[in-house]
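Step one of this worksheet: look at the structure below.
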Amino acid sequence: MKKFQAIRGMNDILPDEMFHWHFLENTLRELANNFAYDEIRFPVLESLGLFCRTIGEVTDIVEKEMYAFVDRNGDELALRPEGTAGCVRAAIEHGLIYNQTRRLWYMGPMYRHERPQRGRYRQFYQFGLEAFGFSGPDIDGEMILFLTQLWQRLGLTDYLELQINSLGTAAARALYREKLVAYLSDYKDQLDEDSQRRLTMNPLRILDSKNPAMEKIIAGAPNLMEHLDDESKEHFEKFCQLLNAANITYTINPRLVRGLDYYGKTVFEWVTTELGAQGTVCAGGRYDSLVEQLGGHGTPGIGFSIGLERVIELMDVHKTVTSQPTNPHGYLLLMGCQAKGFALSKFLREQVPNLCLITHCGSGNFKKQFKKADKSGAQLALILGDDEVENQTVTVKFLREDKPQETLSQTQLVTLLAQLASQEELNL
C-alpha cells in the first residue's frame with residue numbers, strides 16, 4: 001500500500017517543536033496588544049486578479065510562484081502568497097479604513113511554488129502589521145520600534161541588521177527609471193535572463209538581483225537616493241531622526257527596492273548572515289497608493305511581514321529560548337474505578353482551570369500505570385482506588401520531589417494543584 005508523505009516544501013510542525021512556535025506567537029500577540037494593533041483574519045484563497053494588480057505582473061511571485069487555478073465556476077483563484085493585499089482588500093470591503101486611522105495585525109500560512117531550500121518553503125508562516133491613514137514618518141518609526149522590541153524579547157538583537165531606503169514618490173521613481181534604463185541598456189548583453197526581461201517592465205527589480213555576476217553592473221547604477229523629490233527626502237530624513245532619537249542602529253542601503261510593485265517611499269529589511277542565502281527575516285515599507293489602486297479612497301499605508309520559520313531557526317541556532325514545555329501537573333491512576341475517576345477529573349479541571357492533568361485511559365495494572373505516570377513527566381501521581389473512593393480521598397505521590405506520599409481529601413488536592421499551577425505561571 002502506498003505511504004503518503006507531505007507535499008514537498010510543505011512541512012509538518014511536530015509536537016516537540018511547538019513550544020518555540022507558541023513562545024514566538026504569544027510574544028507577537030502580546031507585543032501587538034502593547035502597541036494597540038487589532039487582529040484581522042482573512043481567507044487564504046483570493047481572486048487571482050487581487051495579487052496581479054497589487055504585487056505586479058512582472059514579479060517572480062506572479063510570474064513563477066503563485067498557486068493559481070480555475071475553480072468549478074470558472075473563477076480564477078490563488079492561494080495567498082503574502083498578506084498585505086488580502087488585508088487591504090478586507091479593510092476596504094468592510095469599511096475599516098474609511099476616513100479613519102487603523103492598526104491591524106495578522107498571522108498565518110502563505111503559499112509560493114518555489115524551489116524548497118533552507119529558510120524557503122512552499123507553505124510558510126508570516127506575521128504582519130499594517131497601519132492605515134498615517135502619512136508621516138512617525139508610523140514608519142513605530143513599525144521599526146515594534147520590531148526592535150520584538151528582537152529584544154526574543155534575544156535576537158545581536159544577530160539582525162536593519163537596512164533602510166526610500167523609493168520616493170511615483171513621480172520621482174518615473175524620472176529615475178528613465179535614467180536607470182538608459183544606464184542598464186548599455187550593458188544589455190551582459191544582463192542575465194531575468195534582468196533582460198525586467199529591463200522594459202520593471203527595471204528597479206534588477207537592483208534587487210541576487211546573481212553575483214550582476215554585482216558590478218548594479219554597483220555602477222545611478223543611486224535612487226540622489227534622485228528623490230523634496231517630499232521624499234524630507235520624509236526619509238525625519239524617519240532617520242526618529243531612529244536616531246531611539247538609538248536604533250541602521251544602515252542605508254540604496255539598492256534596497258523590495259520585490260513588490262506597491263511600495264513607495266520608506267522600505268526596510270531586517271537581515272542576518274546566520275541563515276545562508278535566505279537572509280531576510282523581516283521586510284516591509286510604505287504603500288500609499290495601494291488602497292486607492294484597489295478601489296478604496298486614497299489612504300496612506302505601511303506594513304511589514306516576518307517569516308516565522310526563519311525567526312524560529314534563528315532562535316534555535318543561538319538557543320535564545322532555553323525554557324522547556326511545562327510538564328503535566330498530575331497523572332491520575334485508576335485502580336478499577338474508571339467512572340469515579342472520570343468524575344474526579346471533571347471536578348479537578350473545573351476547580352483548577354489551568355490544570356494540566358492526564359487521566360489514565362485503557363487497561364493496565366498499577367505497576368504499568370505508574371510507569372506511564374513517571375514517563376509522562378507529571379509532577380504528581382494521583383492514585384484513586386477502592387479505599388480512596390470509599391473515603392473520598394486521593395493518594396498523592398510526588399514524582400519529582402523527595403517528599404513522603406500523602407493522602408488528601410479532594411478539597412486539599414484542589415488546593416495543592418492550584419498552588420502548582422499558579423507557581424508555574426509565575427515562573428513563565
Does the side-chain contact (heavy atoms from CB on, under 4.5 Å) test come out yes or no for V88 and F132, once each step is laid out? CA-CA 9 Å; V88 172; F132 301 95; 3.8 Å; yes
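Enclosure of atom NZ in K371 is not indicated, since only 12 or fewer non-hydrogen atoms of other residues, nucleotides or ligands lie within 6.0 angstrom. Residue Q5 qualifies as open at atom CD: its count of foreign heavy atoms under 6.0 Å is 12 or below. Other residues, nucleotides and ligands contribute at most 12 non-hydrogen atoms within 6.0 Å of the OH atom of Y187.
A distance of 12.5 Å separates OH of Y263 from CG of D288, quoted to the nearest 0.5 Å. Between atom CG of residue L24 and atom CD1 of residue I312 there is a gap of 4.5 Å, rounded to the nearest 0.5 Å. Note: E292 CD to I92 CD1 = 10.0 Å, rounded to the nearest 0.5 Å. The CZ atom of R112 sits 13.5 Å away from the CD atom of Q123 when rounded to the nearest 0.5 Å.
Side chain of R349 to backbone of L357: a donor-acceptor contact under 3.5 angstrom is found. Panel note: side chain E82, backbone T84; a donor-acceptor pair is recorded below 3.5 Å. The main-chain N or O of H22 is found under 3.5 Å from a side-chain atom of N26 such that the two form a donor-acceptor pair. When atom types are taken as modelled, the side chain of H113 and the backbone of Y67 share no donor-acceptor pair closer than 3.5 angstrom. Side-chain N or O atoms of R173 include one that pairs as donor or acceptor with a backbone N or O of G168 at under 3.5 Å. Although no hydrogens or angles enter the test, the distance criterion places a donor-acceptor pair under 3.5 Å between the side chain of N34 and the main chain of E30. Of the possible polar contacts, none joining the Y121 side chain to the E309 backbone as a donor-acceptor pair under 3.5 Å is found. Panel note: side chain T272, backbone L160; no donor-acceptor pair is recorded below 3.5 Å. Without hydrogens or angle criteria, Q196 side chain to L191 main chain gives a donor-acceptor distance under 3.5 Å. Here the side chain of Q369 pairs a donor or acceptor atom with the backbone of G364 at under 3.5 angstrom.
The two atoms that bring L380 and L399 nearest to each other are C-CD1, 4.0 Å, heavy atoms only.
Ring geometry for Y106 versus F42: interplanar angle over 60°, hence perpendicular rather than tilted (30 to 60°). Taking the six-membered ring where the residue is Trp, F146 and F304 present tilted rings, their angle falling between 30° and 60°.
Looking at L224, L207, L199 one by one, the single match for side-chain contact (heavy atoms from CB on, under 4.5 Å) with L180 turns out to be L207.
For the residue pair D158 / H318, no side-chain donor-acceptor distance below 3.5 Å is found, with atom types taken as modelled. For the residue pair Y331 / D374, no side-chain donor-acceptor distance below 3.5 Å is found, with atom types taken as modelled. Under the 3.5 Å distance criterion, with hydrogens and angles disregarded, a donor-acceptor pair is assigned to the side chains of N211 and D192.
A salt bridge is absent between R80 and E46; no separation between the charged side-chain nitrogens and carboxylate oxygens falls under 4.0 Å.
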